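Data block below; observations after.
Side chains are part of it too, since the values below use all heavy atoms of this structure and drop only hydrogens, waters and symmetry mates. Keep in mind that what you see is a predicted model, and the values were worked out from it rather than measured. To find a chain, count down the sequence lines: A is the first, B the second, and so on, and within it residues start at 1.
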Protein chains: 2
Amino acid sequence: MSRPAYHHGDLPQQAHQQALDILRAESDTAISLRAIAKQIGVSAPALYRHFADRETLLAELAITGFQWLRDSLLQVEQDDPRKALLHIGLAYVSFAQDEPHLYRLMFGGRILPKGAHPRLDEAGLEAFRVLEDTVARGQQEGYLKPLPLPLMTATAWSLVHGLSELIIDGHLPGADAEPRLAESVLTLLLDGSRNEPESHTEETTP
Amino acid sequence: MSRPAYHHGDLPQQAHQQALDILRAESDTAISLRAIAKQIGVSAPALYRHFADRETLLAELAITGFQWLRDSLLQVEQDDPRKALLHIGLAYVSFAQDEPHLYRLMFGGRILPKGAHPRLDEAGLEAFRVLEDTVARGQQEGYLKPLPLPLMTATAWSLVHGLSELIIDGHLPGADAEPRLAESVLTLLLDGSRNEPESHTEETTP
DNA sequence: TTTCTAATGTTATCGGTGTTAACAAAGTTA
DNA sequence: TAACTTTGTTAACACCGATAACATTAGAAA
């Protein structure tokens, strides 16, 4: 358009979107500040007015990723404890499948070192809390075993995270042929985590 | 000895070791062919006589990593099914904790794309089979539920893989304060995967 | 309106990377 | 010895992130 303006006005937004496009199409390693700048039609150092460095730009992508993940998990209805747990697990895995490169960026500790971007850490924590709350509710309603909450959430998170990564990386070839694999895997853990009041009713609340 | 020979004689081995040292000390992104060459005292292009490219060198590191992992898993004694399953899980997580950067390289689908290095894929498969065999044995001996083997192995692998990654990325802060976290997590899945839930083994959760 | 300042661009440049081409030396074999 | 293969070398290309020094503009202050 007729916008040869010296001040672009929308550079951070557009850079963010460009980086996200590249991430989705290729991988995080393919994200180059120079390429982004050229695509937008701006000089490379201009980006440094809005992002401290390349890693910070990647961190912002990961932050929006965690927000999307959180929103997705929040949309799971929470009436029945078992259904809530199963569906939140499925939503988690689906997110990873839909945004594989973004998911790897969010959790690739190698790419974004953990203490380096406080806002990123907090965004991750907020998404994690949705999962934690669901597990806690499952316990409060008596559906899950009354084991320590950190233990149960660590187990649940490990399973969905591991499953997501294995599927994304193609290590579970049955994932496409068997779309209910995730459901079966989650069910296996769920059935084992159920509280069975008739078999043994000891209260070992922490 | 220290002979400034034109032909080095041990270049691939030394390059491999150098790369491994750098990987352990920093990360895979820190591995630079030029730096390795300089350290060894050879020109950078010399490495291309022994490695097709940088990625192939990384793939060879990952291959040895899978061999180590497999060896580690093979050392778990297989008499009692429950003990075997628990200890193979613990050995798996311990490997990841002992070699975090190597583990990330082995499983970072972003770094080493899956179909690109056949020897790597096979090495990973051979390590995986040790886990699969242990699960199969647990089923044959009647300890685990008679569910489809791919489902049970996918579940077990997801859990140990997810747990490993979350621990080495620092997402489970209790991992250091609670060294028995891995054991508790694995026990939770194990108890739920048992074929006959009436027999009570001893309590292992703190 | 005019002026001053902070924000936001620019070009030039530095040091670094993987990789290839062209060439040279050493080892191997006929 | 002569031919050939292997394994090194230097030079160069095309990128990359990042910084310094400078130019332009927008917006508040006078």
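- Contact check for Leu47(B) versus Leu57(B): no side-chain heavy atoms found under the 4.5 Å cut-off.
- The only member of Arg129(B), Gln78(B), His87(B) that meets side chain to side chain donor-acceptor pair (under 3.5 Å) when paired with Thr134(B) is Gln78(B).
- Judged by distance alone, the side chain of His101(A) and the main-chain N or O of Leu23(A) form a donor-acceptor pair under 3.5 Å.
- Within residues 35-48 of chain B, the residues that place at least one heavy atom under 4.0 Å from DNA chain C are, in residue-number order, Pro45(B), Tyr48(B).
- Whole-Å rounding puts the Arg34(A) CZ to dG15(C) C1' distance at 12 Å.
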Taking only distance into account, with no hydrogens and no angle test, what donor-acceptor pairs under 3.5 Å do side-chain atoms of residues 65-74 of chain A form with protein atoms, sequence neighbours excluded?
none

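- Per the geometry, CD1 belonging to Ile31(B) stands 13 Å off P belonging to dT19(C), to the nearest Å.
- The CG atom of Leu181(A) sits 5.5 Å away from the CD1 atom of Ile167(A) when rounded to the nearest 0.5 Å.
- In this structure, Leu61(A) and Ile31(A) have side chains that are in contact, with non-hydrogen atoms separated by less than 4.5 Å.
- Listed in residue order, the members of residues 51-60 of chain A having a heavy atom less than 4.0 Å from DNA chain C come to none.
- The distance between atom CD of Gln14(A) and atom P of dT8(C), rounded to the nearest whole Å, is 15 Å.
- The nearest whole Å value for the distance from the CG atom in Leu33(A) to the P atom in dC15(D) is 16 Å.
- Phosphate proximity of dA7(C) to His50(A): absent, as no side-chain N or O sits under 4.0 Å from OP1 or OP2.
- The phosphate of dG16(C) (OP1 or OP2) has no side-chain N or O of Ser32(B) nearer than 4.0 angstrom.
- Taking the side chain as every heavy atom from C-beta outward, Ile36(B) and His16(B) never approach each other to under 4.5 Å.
- In this entry the distance linking CZ of Arg49(B) with C1' of dC23(C) reads 10 Å, nearest Å.
- Just one of Thr56(A), Ile63(A), Leu58(A) meets the side-chain contact (heavy atoms from CB on, under 4.5 Å) condition when paired with His117(A); it is Thr56(A).
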